[in-house]
Student: 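To start, I am sharing the structure in question, which I have written as structure tokens.
In this text the structure is predicted, and so the values were computed from the model without any measurement. Numbering of residues begins at 1 and proceeds along the displayed sequence.
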Amino acid sequence: MEDSQSGTPSPSVVHFQRQQHPLIGYYLSRKKLSKLRFDQFLLLCKRSHIETVELTNAYFEQANARIPQLIIHKLEDDVVSRSLTERIRSLPRSSTIILDEFDSIARLLNRYEQYSILDTEKNIYHVPTFIRVTADDNESAIEKMLLEHQIKFPIMCKPIRAHGDKSHDMKLIFDVEHLSDIDKPCVLQQFIDHDGVLFKVFSVGPNNYHIVRRNSIRNLYTHTSRDTIAFRSNEVSSSQAAHMLLSNDQTIKIVFDHAIVNDIVKTVQNLFQLNLVGIDIIIDRNIGGYAVIDVNYFPGYEGVADFSTQLLHLCQNLLQAS
């Protein structure tokens with residue numbers, strides 16, 4: 001229906017057309033919004049005629065609240081997040097795309113389960129040998145498990161929970177006498193010398209990933225002290241890291257094979273059915289093989305300059321395919 005004098009759409013038609021613009025809902029912590037510079041993504045959406053709304057319990061309680069066609073989230077482990085999770089889960093699956101699905105994310109959140117899933121694919125990469133330690137396992141039982149799995153010192157002690165602030169609290173243990181230092185429950189994993197170089201692979205949907213080289217823990221075969229070293233993994237592998245564990249050798253040259261990394265990304269994404277994922281890869285200095293040491297949902301994408309554009313393209317593709 002058009003205005004007979006001007007030929008322009010009537011107000012009711014304009015309102016209808018606006019309602020037809022796709023709606024993306026999002027829920028991210030203040031810290032995450034800032035780190036991702038999410039305001040840039042919101043501006044790109046506006047320019048692309050995509051409406052956006054920050055999801056809250058109050059929003060869902062509105063009588064005429066629109067159901068978003070797509071929801072971007074990284075929910076925390078708190079009361080508000082749990083409530084929003086239930087509301088989002090109750091939405092009709094035919095009308096809303098969840099980026100990414102809660103069940104897929106859940107497979108990452110327990111580090112032992114994550115590694116066990118990763119370990120089912122051994123043709124392209126390997127997962128450093130690992131064991132699960134429960135609160136009931138004493139030092140004798142732990143030593144026996146290490147021997148059975150042929151895990152040699154030094155070993156990494158990682159929290160069983162792979163999400164939340166405490167998930168970054170790690171320890172390096174160098175001998176049996178210091179097994180008392182581990183924090184249970186946890187995963188104990190073989191440390192692999194990798195020349196102090198970590199490759200963080202940031203994926204934004206299928207066939208779209210970015211590789212960022214970061215400093216990592218130096219080779220420890222010459223390390224003489226047996227004292228346990230406690231550290232936070234995000235402090236060691238960030239772009240601004242200056243930790244005593246890091247290598248200062250600027251002469252080390254490591255070249256990765258793009259074809260292998262591409263196969264690793266495809267494999268990991270298929271295993272967990274995730275679009276927004278970070279994969280930590282190292283190259284074993286002794287055998288030259290590629291090892292996956294951690295997978296993270298919706299990472300910080302630090303070092304990916306055009307993340308907002310990449311995220312927009314992913315959302316557009318998902319909306320068009322729905």
Side-chain angles (χ1 to χ4, degrees), residues 19-36 38 41-42 45 50-118 159-167 185 202-206 268-279 294-301 307 310-322:
Q19 286 293 91
Q20 298 313 295
H21 289 167
L23 176 64
I24 293 178
Y26 63 93
Y27 180 81
L28 303 167
S29 68
R30 297 295 114 189
K31 181 178 179 181
K32 190 75 174 177
L33 289 169
S34 175
K35 187 172 185 178
L36 292 174
F38 205 72
F41 169 75
L42 299 179
C45 286
I50 297 174
E51 297 180 24
T52 57
V53 61
E54 185 170 14
L55 299 178
T56 63
N57 282 312
Y59 176 80
F60 283 112
E61 290 165 1
Q62 295 178 27
N64 299 314
R66 280 184 67 190
I67 297 176
Q69 282 96 331
L70 186 147
I71 292 176
I72 301 170
H73 69 93
K74 187 164 186 179
L75 295 162
E76 305 294 328
D77 188 14
D78 55 46
V79 174
V80 174
S81 293
R82 287 193 289 270
S83 175
L84 282 172
T85 298
E86 292 307 310
R87 291 182 183 275
I88 294 171
R89 279 185 179 275
S90 68
L91 296 175
R93 309 313 301 141
S94 59
S95 62
T96 304
I97 301 165
I98 310 299
L99 188 61
D100 278 306
E101 291 288 350
F102 294 110
D103 291 343
S104 296
I105 297 168
R107 304 174 77 200
L108 287 179
L109 302 185
N110 179 296
R111 209 170 241 119
Y112 179 78
E113 293 178 6
Q114 177 192 134
Y115 290 169
S116 297
I117 293 170
L118 286 169
I160 200 78
R161 291 183 58 171
H163 68 107
D165 188 58
K166 291 186 179 299
S167 66
F202 298 119
S203 181
V204 191
V268 172
Q269 283 192 304
N270 287 335
L271 280 173
F272 295 100
Q273 294 295 299
L274 291 170
N275 287 286
L276 301 174
V277 65
I279 308 168
D294 258 320
V295 178
N296 305 288
Y297 167 64
F298 207 160
Y301 291 94
F307 170 69
Q310 301 296 323
L311 180 60
L312 175 66
H313 290 165
L314 172 61
C315 292
Q316 289 174 322
N317 291 337
L318 291 172
L319 289 168
Q320 290 170 6
S322 64

Student: What residue pairs, at least two apart or across chains, pass ring-ring contact (aromatic ring centres under 6.0 Å, His included) with a residue in residues 86-111?
Tutor: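 Output for this query lists H73-F102.
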Student: Could you tell me whether a side-chain N or O of K74 sits under 3.5 Å from a main-chain N or O of Y297, the two making a donor and an acceptor?
Tutor: yes
Student: Verify the distance criterion only: is there a donor paired with an acceptor across the side chains of Q69 and S322 at less than 3.5 Å?
Tutor: no
Student: Is any side-chain heavy atom of L274 less than 4.5 Å from a side-chain heavy atom of R107?
Tutor: no
Student: Give me the atom names and distance for the closest heavy-atom approach of P206 to L314.
Tutor: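 The pair with the smallest heavy-atom distance is CD-CD1, 4.4 Å.
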Student: Do you know the tightest heavy-atom contact between H21 and R66?
Tutor: O-NH2, 2.9 Å
Student: Enter the distance from D294:CG to Y115:OH here, rounded to the nearest 0.5 Å.
Tutor: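 Between atom CG of D294 and atom OH of Y115 there are 3.5 Å.
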Student: With side chains defined as the heavy atoms from C-beta onward, is the minimum distance between S203 and N275 less than 4.5 Å?
Tutor: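 When only atoms from C-beta onward are counted, N275 and S203 do not touch, as no gap falls below 4.5 Å.
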Student: How long is the gap from CG on L70 to OG1 on T52, to the nearest 0.5 Å?
Tutor: 12.0 Å
Student: Roughly how far, to the nearest 0.5 Å, is CD of E101 from CD1 of I88?
Tutor: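 That separation rounds to 10.5 Å.
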Student: Distance from T56 atom OG1 to L84 atom CG, nearest 0.5 Å?
Tutor: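 So the gap between those two atoms works out to 7.0 Å.
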Student: Got D77 and R161 here, is their nearest side-chain heavy-atom distance under 4.5 Å?
Tutor: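 D77 reaches R161 side chain to side chain.
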Student: Do S116 side-chain atoms and Y112 backbone N/O form a donor-acceptor pair below 3.5 Å?
Tutor: yes
Student: Does a side-chain heavy-atom distance below 4.5 Å link L311 with I72?
Tutor: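 They are in side-chain contact.
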Student: Starting at OG1 of T96, measure out to CD1 of I71 and round the result to the nearest 0.5 Å.
Tutor: 5.5 Å
Student: May I ask you to test the I50-L312 pair for a side-chain heavy-atom distance under 4.5 Å?
Tutor: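 A side-chain contact under 4.5 Å exists here.
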Student: How close do L33 and E54 get, heavy atom to heavy atom, and via which atoms?
Tutor: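 Nearest pair, atom of L33 first, then E54: CD1-OE2, 4.2 Å.
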Student: Could you report the tightest heavy-atom contact between S167 and A162, atom names first, then the distance?
Tutor: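 Scanning both residues completely, I find the closest heavy atoms to be CB-C, 3.7 Å.
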Student: Considering non-hydrogen atoms only, spot the tightest contact between L55 and Y27 and give its length.
Tutor: O-CD1, 3.3 Å
Student: When you measure from the side chain of N296 to the backbone N and O of P299, does any donor-acceptor pair fall under 3.5 Å?
Tutor: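 No; judged by distance alone, with no hydrogens or angles, the pair does not exist.
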Student: Look only at the side chain of T85 and the backbone of S81, and say whether a donor-acceptor pair between them is shorter than 3.5 Å.
Tutor: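 Present.
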Student: Please check if the side chain of D100 supplies one atom and the backbone of I105 the other of a donor-acceptor pair under 3.5 Å.
Tutor: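 Checking the backbone N and O of I105 against the side chain of D100, no donor-acceptor pair under 3.5 Å is found.
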Student: Does F298 reach the side chain of L36, with side-chain heavy atoms less than 4.5 Å apart?
Tutor: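 Counting from C-beta outward, F298 and L36 do come under 4.5 Å.
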Student: Report yes if some heavy atom in the side chain of P68 is under 4.5 Å from a heavy atom in the side chain of I24; otherwise report no.
Tutor: no
Student: Output the distance between atom CG (L23) and atom CG (L319), rounded to the nearest 0.5 Å.
Tutor: 9.5 Å
Student: Check whether any side-chain heavy atom of E76 lies under 4.5 Å from a side-chain heavy atom of S29, and answer yes or no.
Tutor: yes
Student: Could you check whether the rings of Y301 and F307 sit parallel, tilted or perpendicular, using 30° and 60° as the cut-offs?
Tutor: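 Correct class here is parallel.
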Student: Which residues pass the ring pair (Phe, Tyr, Trp, His ring centres under 6.0 Å) test with F38, not counting sequence neighbours?
Tutor: Y26, F41
Student: Specify the closest pair of heavy atoms between R87 and N57, including all atoms of both residues, with the distance to one decimal.
Tutor: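 Result for this residue pair: NE-OD1, 2.7 Å.
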